[in-house]
Amino acid sequence: MSDLTDAKIIKYQFELPIKRSAADIWALMVDEIDRWWMDDFRALGEGSKVTLSAETGGQLIERAADGSILEWYRVQMVSPGKSLYLVGYMAPDWGGPTTSMLKLAVEDRDDGGALIVSDALLGNVTEASASSAEGGWKMLFGDGFKTFAEK
């Protein structure tokens, strides 16, 4: 017998001030992603390579030496130097089925710049899974990206 469940939606957003210009934040976020993507977030294991092709239809992917590949997200829209809209899917093995619509935006501020992270989750979403997703992004972009960008 199949399980029929209700889909849920949750949206959240947070902002990280970064002591760099928006142009620098963008370049580091896109071009240097493998250097700041933390090992704890490498689903295919340490030593995998993470790349981001910032163009419509481009991919945020992780590749392992054994040939395994994971598509984290696909780029839906890009406004160069300003924002990326990404769409990703979580399989039931990872708590899904869930769709994530992630937006990464950069802005200049008086004292540097900021990365604004917005996400909307649709599907098998619980308070725990939503909290885990938000906490994970805060860790990756705060401890990983921000720390890297401000070195």
Side-chain angles (χ1 to χ4, degrees), residues 1-18 22 24-107 113-149:
M1 168 135 287
S2 300
D3 290 333
L4 180 63
T5 60
D6 292 329
K8 302 256 191 292
I9 299 170
I10 190 162
K11 296 184 281 184
Y12 59 87
Q13 177 176 308
F14 61 92
E15 183 174 308
L16 294 168
I18 298 175
D24 286 348
I25 294 169
W26 179 269
L28 293 170
M29 180 177 68
V30 172
D31 300 331
E32 302 290 334
I33 192 167
D34 190 59
R35 294 183 60 204
W36 59 264
W37 196 271
M38 299 167 68
D39 285 342
D40 287 351
F41 290 83
R42 293 180 189 263
L44 301 180
E46 284 187 41
S48 65
K49 183 163 176 62
V50 178
T51 59
L52 173 58
S53 176
E55 61 185 21
T56 301
Q59 299 168 299
L60 170 54
I61 58 173
E62 179 180 350
R63 296 177 189 268
D66 68 0
S68 299
I69 302 172
L70 169 64
E71 180 182 77
W72 280 81
Y73 284 90
R74 188 162 297 250
V75 178
Q76 180 186 38
M77 184 175 106
V78 60
S79 179
K82 296 179 182 173
S83 62
L84 276 173
Y85 289 77
L86 304 123
V87 178
Y89 306 101
M90 288 170 265
D93 294 2
W94 297 325
T98 305
T99 300
S100 167
M101 300 185 83
L102 182 66
K103 178 184 176 187
L104 304 175
V106 298
E107 294 179 1
L115 172 64
I116 300 101
V117 179
S118 309
D119 197 9
L121 301 172
L122 165 67
N124 186 29
V125 180
T126 64
E127 289 287 332
S129 67
S131 178
S132 176
E134 184 175 5
W137 289 135
K138 284 180 175 177
M139 180 184 295
L140 180 66
F141 288 110
D143 297 343
F145 180 69
K146 179 182 168 106
T147 300
F148 174 78

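Just so we're clear, the structure is a prediction, and the values are computed from it rather than from any experiment.
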Specify the closest pair of heavy atoms between [X] and [Y], including all atoms of both residues, with the distance to one decimal.
X   : Y    : value
G96 : N124 : O-ND2, 3.4 Å
G45 : S48  : O-OG, 3.1 Å
L86 : V75  : CD2-CG2, 3.8 Å
V50 : D34  : N-OD1, 2.8 Å
I10 : V125 : CG2-CG1, 3.7 Å
E32 : F148 : CB-CE2, 3.9 Å

Answer yes when E46 and R42 have at least one side-chain N-carboxylate O distance shorter than 4.0 Å, and no when they do not.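 Looking at R42 together with E46, the answer is no, because their closest N to O distance does not fall below 4.0 Å.
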Sequence neighbours excluded, every pair satisfying side chain to side chain donor-acceptor pair (under 3.5 Å) that has a member inside residues 66-76: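 For residues 66-76, and leaving out neighbouring residues, the side chain to side chain donor-acceptor pair (under 3.5 Å) pairs sorted by first residue read Q59-E71, E62-W72, D66-S68, E71-R74, Y73-S100.
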If you measure from CG on L122 to NZ on K8, what distance do you get to the nearest 0.5 Å?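 Answer for the CG-NZ pair, L122 versus K8, is 11.5 Å.
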Any side-chain heavy atom of Y89 within less than 4.5 Å of one from T98?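 The answer is no; the side chains never approach within 4.5 Å.
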Compare all side-chain heavy atoms of I33 with those of F145 and state whether any distance is below 4.5 angstrom.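 No, too far: nothing below the 4.5 Å cut-off.
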Distance-only side-chain donor-acceptor flag, S129 / T126, under 3.5 Å: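 Yes, because at least one side-chain N or O of S129 sits under 3.5 Å from a partner of the opposite role on T126.
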Counting heavy atoms not belonging to M139, are there more than 12 under 6.0 Å from its CE?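 Open: at most 12 neighbouring heavy atoms sit under 6.0 Å from CE of M139.
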So does F41 get a backbone contact from the side chain of W37, meaning a donor-acceptor N/O pair under 3.5 Å?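 Yes, the answer is positive, given that a donor and an acceptor are paired below the 3.5 Å cut-off.
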Does K103 reach the main-chain N or O of S83 with its side chain, forming a donor-acceptor pair under 3.5 Å?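 Not a single qualifying donor-acceptor pair exists.
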Pairing residues for F141 by the ring pair (Phe, Tyr, Trp, His ring centres under 6.0 Å) criterion, not counting sequence neighbours: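 F141: ring pair (Phe, Tyr, Trp, His ring centres under 6.0 Å) contacts with W36, W137.
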